[in-house]
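By convention in this document, chain letters (A, B, ...) are assigned in the order of the sequence lines, proteins followed by strands, and residues within each chain are numbered from 1.
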Protein chains: 2
Amino acid sequence: MILKSQVEWALHCCAILAGLPEGRYLSTKALAEFHGVPKEYLSKALQSLSQAGLVHTTLGPSGGYRLAGTPAELTFLDIVEAVEGKARTFVCNNIRANNPCRPQGYCESGACAVARVMWEADEAWRDKLRSVRLSDLIDTLAKEIPAELWKSSFEWVLERAG
Amino acid sequence: MILKSQVEWALHCCAILAGLPEGRYLSTKALAEFHGVPKEYLSKALQSLSQAGLVHTTLGPSGGYRLAGTPAELTFLDIVEAVEGKARTFVCNNIRANNPCRPQGYCESGACAVARVMWEADEAWRDKLRSVRLSDLIDTLAKEIPAELWKSSFEWVLERAG
DNA sequence: CAAATAGGGATATCTATTATCCGTAATAAC
DNA sequence: GTTATTACGGATAATAGATATCCCTATTTG
């Protein structure tokens with residue numbers, strides 16, 4: 001069970017978009033080049049972010065993506081769920097229902113106890129992702145990335161932002 | 001991203017094995033029939049449990065599986081990891097390394113900040129699974145399953161346990 | 001009008017999951 | 001000892017999902 005690589009791409013892209021000046025947009029092409037990933041496929045991830053309402057888009061030359069809100073309003077969970085979907089990672093196929101000792105027409109009282117535990121773990125995962133905002137990531141990156149690289153990356157983006 | 005159905009099977013099988021009297025074994029065939037899942041494929045999941053040391057096996061007629069320890073010594077995480085593997089659910093492909101602004105031969109200081117957050121969430125998931133013991137599940141099931149069904153299921157198993 | 005863009009659909013490729021089959025060694029019952 | 005039954009591992013196939021590419025359309029900028 002491994003998350004799509006698009007999740008990683010989307011997170012990094014949002015981190016870049018978070019540094020974009022007000023009203024500017026960055027294209028799929030620029031984001032793909034910056035991260036060294038295939039443009040066409042990255043486009044699908046960005047469309048997922050768009051459909052989830054996390055980013056705004058504009059068409060035409062100088063078009064592209066910008067965050068729909070502030071980095072503090074966007075959580076890791078928002079981004080992960082936009083790309084990966086909101087479905088639980090554990091699917092209950094209710095195999096207890098195959099128990100040969102069950103009386104005919106027996107009706108379940110509630111969700112399977114096994115599934116409930118797995119779903120609680122799933123929720124713990126989501127809770128953690130919900131607790132980290134994009135702005136937290138930016139703060140961390142600002143501390144860890146050398147000032148020189150931070151600056152040149154910002155300029156690289158500005159040159160291509162419409 | 002969805003867990004293997006074998007995870008569900010393994011959890012339910014362990015719940016059954018937990019009720020097995022001391023020194024008795026239950027075969028793949030019986031476990032497969034009880035849960036209504038393909039015997040050959042379930043066998044793979046049980047082999048994973050065996051390789052992880054969670055269950056003991058015996059060959060020959062009246063052979064099969066029993067828990068290696070007590071239900072209180074076995075956690076959900078043990079079972080999930082035995083089947084699903086211990087690998088993290090988020091793989092960092094280090095796409096930050098493709099940043100065109102990076103100086104030649106630039107060396108990472110540590111793990112990517114994005115990956116660290118994703119891995120923390122992964123750990124939160126594992127922490128939750130580690131906190132629930134198989135004995136906890138049995139306690140829950142004992143409360144929720146009608147006494148009649150509980151008893152008949154136990155007898156069904158006993159008839160087939162070697 | 002021309003160029004560049006997001007968006008969507010169709011399609012292909014690759015990988016992981018799901019599933020089945022068969023041979024081998026070990027064990028228990030007879 | 002013989003036979004039946006079992007776990008185990010390897011090989012293989014079928015299916016689904018992830019990864020990736022291509023093309024067409026509508027829209028916007030210059």
Roughly how far, to the nearest 0.5 Å, is NZ of B/K143 from CD1 of B/I138?
->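 Taking CD1 in B/I138 and NZ in B/K143, the distance rounds to 12.5 Å.
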
Give the rounded distance in Å between these two atoms: [atom1] of [X] and [atom2] of [N].
X	N	atom1	atom2	result
B/H56	D/dT6	NE2	C1'	17 Å
B/N93	D/dA18	CG	P	15 Å
B/Y25	C/dA29	OH	P	13 Å
B/R66	C/dT27	CZ	P	14 Å
B/M1	D/dA18	CE	P	10 Å
B/R160	D/dT5	CZ	P	15 Å
B/L31	D/dT6	CG	C1'	13 Å

When you check every protein heavy atom under 4.0 Å of nucleotides 5-12 of chain C, what one-letter string (B, S, -) results, 5' to 3'?
-> BBBBB---

Side-chain donor/acceptor of A/S43 to backbone N/O of A/K39, under 3.5 Å | no

Minimum side-chain heavy-atom gap B/N98-A/F34 below 4.5 Å = no

Beyond-backbone contact of B/R133 with B/S135, side-chain heavy atoms, under 4.5 angstrom =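 Answer yes - side chains close enough.
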
Decide side-chain contact (heavy atoms from CB on, under 4.5 Å) for B/L137 and A/V114; before the verdict, give the C-alpha distance in whole Å, the side-chain angles of both, and the deciding distance to 0.1 Å.
-> CA-CA 7 Å; B/L137 175 66; A/V114 167; 3.8 Å; yes

Got a sec? Which of residues 2-10 of chain A come in under 4.0 Å of DNA chain C, heavy atoms?
->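 Listed by number, there are none.
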
State plainly whether one hydrophobic cluster holds both B/M118 and B/V91, where clusters connect Ile, Leu, Val, Met, Phe, Trp and Tyr through side-chain heavy atoms under 4.5 angstrom apart.
-> no

Indicate if A/Y25 and A/W156 have the same hydrophobic cluster label, given that clusters are the connected sets of ILVMFWY residues with side-chain heavy-atom separations under 4.5 angstrom.
->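 No, it is not one cluster - the side chains of A/Y25 and A/W156 are not joined through contacts under 4.5 Å.
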
For A/E108, does the CD atom sit with more than 12 other heavy atoms under 6.0 Å from it, leaving out its own atoms?
->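 It does: A/E108 CD has more than 12 such atoms within range.
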
